[in-house]
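The structure appears below as structure tokens.
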Amino acid sequence: MTSQDTPPYSPQTLESEVQRRWQEKQLFRAVGDASGEKFYCLSMFPYPSGQLHMGHVRNYSIGDAIARYQRMRGRQVLQPMGWDAFGLPAENAALKHGLAPAQWTLDNIAHMRGQLQRLGLSYDWSREFATCTPEYYRWEQWLFVRLWEKGLVYQKLSTVNWDPVDQTVLANEQVVDGRGWRSGAAVERREIRQWFLRITAYADELLSGLEHLAEGWPEQVLSMQRNWIGRSEGAEIRFPLATGEGVVKVFTTRPDTLLGATYLAIAPEHPLALAAARTQPELAAFLERCRHVAVSEATVETQEKEGYPTGITVRHPLTGQPLPVWVANFVLMGYGEGAVMSVPAHDQRDFEFARKYGLPIQVVVVPEGEEIPSGILEQAYTGSGRLVHSGIYDGLDNETAKARITAAVAAAGLGRKTVNYRLRDWGISRQRYWGTPIPMIHCPRCGAVPVPEKDLPVVLPTHYHLDNPRSPLLDDPEFHQVPCPQCGGGARRETDTMDTFVESSWYYARFTCPDAAAMLDERAARWLPVDQYIGGVEHAVLHLLYARFFNKLLRDVGLLPADGRHDEPFRRLLTQGMVLKDGGKMSKSKGNTVDPQGLIDRYGADTARLFILFAAPPEQHLEWSDAAVEGAYRFLHRVWRLVHEYGQTPPPLPATLSAEARDLRRLVHQCIDRVSSNMDGRYHFNAAIAAIMELNNALMKVPGEAQADLRAVLGEGLRSMALLLSPFAPHIAEALWQRLGQEGELSFAPWPNADPEALQSSTVTLVIQVNGKLRERLEVPADADAGSIEAVVLAYPPLQKHLAGLSVRKVVVVPGRLVNVVAQ
RNA sequence: GCCCAGGUGGCGAAAUCGGUAGACGCAAGGGACUUAAAAUCCCUCGGCUUUGGCCAUGCCGGUUCGAGUCCGGCCCUGGGCACCA
């Protein structure tokens, strides 16, 4: 009971001992029998870059806190970990260091696995896999062929960034200020034939499915996905070419403004533009300039808006009037029809373009109750109103006009009502080496032929050492020279590999049955959906949309039951904020990373985890601070000391408690209550940890020679603290648990419940406001009713000076909280 | 450019519902203990103030008895934009 008995808190030895015990007992192997309720807790698996970074530590500390909490709540928990192991950095590293990408990747995995294990995360390591192994990606190839058979895979031309010096395709990230990052050459756009997955066939389901996620997903992410899918109702309208042959198709959400269309704008890659350029050198030069803009939407949308007339004329579908066709550098070939009708009076971008090039502006909608504007417009009017200058449609409100004008165009055979999506099909071809080979063979006679199932997997050769960025598969006849599976003649194997988003689109399902002899087996249906998914907000759209898409594909090829419970992969989503340093994202390119290894070496895993969970709520950005770590470390020291100085198994509580002991016990149970409510769904770990710190502060004040009842409550408090702490700092919690003489595994010990009786208090302190300003405080019985409170307050002597010269007009009583006296 | 967030003391933050703004922690200052230091413990800690109070949650306005919280407009910072993962 003296401080001499207290051994030093040395996290390094303590943590490795505890971890060894966990491992020997295989404590965190997911059991998944039907005897209990399952909980699948998944953190986004990492790319094995070589070093764990703070974002990982945060992500996995959050996930483990949730998994451990659920385990203590009695659930059968599955919490796996693996590696998103294909990708560009491996090729870059191989080029730089003269290694094979496979070797670099496997070395990194070995190192990072050690780092993760040092953190004491309660993973079922028996399920670990890396996506770059044939055992994993073979099923991806298998699914690709199924999708090909179902017509959900196809080829089409699409644009890539081409580095003319390195003779290779560049990722958007590799284009810096319009130039290739290695060569410095100005990039070009190049159209090549690529493989696509028909995600647009699922657009409506991906959109409506968001409604079922409303409870478990952040509104922010749902909104981003909704906007990304971008369903819009409108009309397809055909403008006949003045020459009489052919039409230009456009999509518009504003058919009501059709009579205000004064020109058409088409994409630089539009076939008409290309055709016109053949006879017009200046137009060709303009298109050539457009070819040197990188393909990313951000680049296209932020460049100076420019256009050039094509000399082509179309006829207005209703009036027959001639309209000029312009090429505009901001019209995207990949969206809609690659052409838009321009209504400068009612679209701000069209307005600016028309002003710049002196094109006519025709007002056709005016706000209800206003006159047709005379003089020069200052800006486009994009709101609703009634139609003008629109012939027989004049006077209609514009919503009615949408339907009427669409019908008129349809009657003329020049259009129809239609739904358009912003979502485009998913281009999965990569002209890269380090990825899953696309299992197709190009035969000059039979066309594209899938690799027969018996020949799967198409194994990616791993012996290459890269000396230039070009994919070695292109130059390896052993890989690409194959007979056609259909006719047996000479054919060429596809050398494109898959987008790495494909691997991460179904790994969550494979974790349920990592050794299955098929892509998935019946275990998937039991464990899925993931009950809690945790990862960075930066994945809010792409990864999370692709994974939702794949889940539906898995269902539709019969690998998941179509029972309505398996339509979505992730029941609940927690998007963690980024770990920032100096206000910006920690990243290698910015050189502002903080290595978590140093933190763990110095303070131990418990401190690292506790600090990172305490510093900010999970969904918020976390601004890094070295100094604040000390605080978490000191706190653990204080808890350690307190428990060791107590040094006994807590005795049972006596039947009656002194007032002092009751007050302390109330604090203990308030803490249990606060921690629990911050764990259940809210995941405000910072507030939960703060509550534990407060409890510890209160327990430290209990004198060593206290009465027996007080010491019994102290023991209850310490025992509770070990339980409450274990999701955040599991190693020290184990040691405290043992020191308090507790039996059984802390990891599976039942989470404590707050005793409602202990929470009761006989009085409450009310705040007294006058006109909303805090003036006095007053203690009243907890069960006092509003009427008696009002009477007591109005008669309360110290209040009178605040009411001098005023007449009371109203008294607002909020029981248990405050009284507001409204006086004049 | 488009879509989505965030902005509270010197710093990270707290405040389930509209009800005491700043819990908890960091940093700082003062003190105790010590031969000394470290560690530990105790106290102070938003600003102004005539010590009555007044002002404060990015800025401007609104709703309300009462707004960090709700509504409208703006400013700044961060994330995503389909080949970084």
Side-chain angles (χ1 to χ4, degrees), chain A residues 3 44 46-47 49 84 86-89 160-161 169-175 218-221 223-224 226-228 230 295-303 305 330 334 349 422-432 499-501 504 536-543 545-546 575 577-578 580 583-585 587 589 611 614-617 619-632 634-635 637-638 641 677-678 681-682 684 686-687 689-694 697 700 765-774 777 801 809-812 814 816-823:
Chain A
S3 53
M44 289 182 184
Y47 178 79
S49 59
D84 188 14
F86 273 136
L88 194 55
V160 293
N161 299 307
V169 173
L170 297 177
N172 283 332
E173 184 193 52
Q174 298 173 307
V175 179
E219 179 50 43
Q220 169 200 170
V221 175
S223 173
M224 279 195 260
R226 219 174 279 127
N227 291 330
W228 185 265
V295 295
S296 87
E297 187 177 317
T299 311
V300 172
E301 292 283 328
T302 50
Q303 69 184 329
K305 313 264 176 295
F330 55 84
R349 192 159 63 175
R422 209 187 76 93
L423 180 69
R424 311 197 291 261
D425 277 336
W426 178 10
I428 59 154
S429 280
R430 296 293 179 271
Q431 296 69 43
R432 299 252 170 73
D499 180 0
T500 56
F501 271 125
S504 55
V537 239
E538 63 273 25
H539 295 295
V541 176
L542 292 180
H543 162 62
L545 190 69
Y546 292 148
T575 50
M578 265 173 250
L580 306 180
K585 187 180 180 173
S587 71
S589 56
F611 161 70
F614 179 62
E619 67 277 8
Q620 240 171 77
H621 296 324
L622 189 156
E623 176 71 34
W624 182 256
S625 151
D626 291 307
V629 179
E630 286 281 351
R634 281 199 293 256
F635 166 68
H637 268 278
R638 283 196 295 271
R641 243 184 347 252
S677 69
N678 278 303
R682 254 161 58 99
H684 281 199
N686 56 331
I689 293 165
I692 301 173
M693 285 174 168
E694 278 182 73
N697 290 345
M700 280 202 306
T765 303
L766 287 186
V767 159
I768 305 177
Q769 297 180 334
V770 176
N771 292 330
K773 301 219 180 212
L774 173 70
R777 283 164 215 273
K801 62 175 183 282
R809 295 186 41 186
K810 188 176 170 186
V811 180
V812 181
V814 183
R817 284 202 174 264
L818 59 66
V819 177
N820 187 14
V821 181
V822 185

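Chain letters run A, B, ... following the sequence lines, proteins first and then strands; every chain starts at 1. Nothing here was measured: the structure is a model prediction, and the numbers come from that model.
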Measure from the side chain of A:Glu538, starting at C-beta and using heavy atoms only, and say which of B:A15, B:C83, B:G80 lies closest. B:G80
N/O (side chain, A:Asn227) to phosphate O (OP1/OP2, B:C81) under 4.0 Å: no
A:Ala627 side chain: which of B:C24, B:A82, B:C26 is closest? B:C26
Does a side-chain N or O of A:Arg424 approach OP1 or OP2 of B:C81 to a distance below 4.0 Å, or not? no
Any base atoms under 4.0 Å from A:Thr500, or only sugar-phosphate, or nothing? Heavy atoms, all strands. sugar-phosphate
Given B:C54, B:G1, B:A85, identify the nucleotide with an atom nearest to the side chain of A:Leu88. B:A85
Among B:A14, B:G25, B:C83, find the nucleotide with the atom closest to the side chain of A:Gln620. B:A14
Atom-to-atom span, CE of A:Met700 to P of B:C42 - whole angstrom: 6 Å
Which of these nucleotides, B:C83, B:A15, B:A82, is closest to any side-chain atom of A:His684? B:A15
Length of the line joining A:Tyr546:OH and B:G80:P, which is rounded to integer Å: 15 Å
Between the base of B:C83 and the side chain of A:Gln431, is there a donor-acceptor distance below 3.5 Å? yes
With a 4.0 Å cut-off on heavy atoms, is A:Val812 in touch with a base, just the backbone sugar-phosphate, or nothing at all? base
With syn defined as a glycosidic angle within 90° of 0 and anti as everything else, classify B:C17. syn
Just the rounded figure in Å: distance from C1' of B:U8 to CG of A:Asn686. 15 Å
Answer with yes or no whether A:Arg432 presents, from its side chain, a donor or acceptor under 3.5 Å of a partner atom in the base of B:C83. yes
I'd like to check A:Asn771 versus A:Val822 (side-chain heavy atoms, cut-off strictly below 4.5 Å). Are they in contact? yes
If you check the A:Trp228 side chain, which of B:C41, B:C3, B:C81 turns out closest? B:C81
Is it true that atom CZ of A:Arg422 has more than 12 heavy atoms of other residues, nucleotides or ligands lying nearer than 6.0 Å? yes
Among the nucleotides B:A85, B:A82, B:U20, whichever has the atom closest to the side chain of A:Leu774 is B:U20
May I have the distance from A:Glu219 (atom CD) to B:C4 (atom P), rounded to whole angstrom? 10 Å
Whole-Å distance separating the CD atom of A:Glu619 from the C1' atom of B:A13: 13 Å
Counting any heavy atom closer than 4.0 Å, what does A:Arg777 reach on the DNA or RNA strands: base, sugar-phosphate only, or nothing? base
Rounded distance (Å) that lies between atom P of B:U40 and atom CZ of A:Arg641: 7 Å
Which nucleotide in the list B:U20, B:C3, B:G25 gets nearest to the side chain of A:Met224? B:C3
For the pair made of NZ in A:Lys801 and P in B:G53, what is the distance, rounded to whole Å? 7 Å
Is a donor-acceptor pair below 3.5 Å formed from side chain A:Asn820 to base B:C65, judging by atom type as modelled? yes
Rounded to whole angstrom units, what separation is found between the CD atom of A:Gln220 and the P atom of B:G79? 13 Å
Name the nucleic acid region contacted by A:Val537, choosing base, sugar-phosphate or nothing; use a 4.0 angstrom heavy-atom cut-off, strictly under. nothing
Note: A:Glu219-A:Arg226 ion pair, threshold 4.0 Å (strictly below): yes
Counting only Watson-Crick or G-U wobble pairs whose two distances fall under 3.5 Å, which nucleotide matches B:C76? B:G6
Any side-chain N or O of A:Arg634 below 4.0 angstrom from OP1/OP2 of B:C26? yes
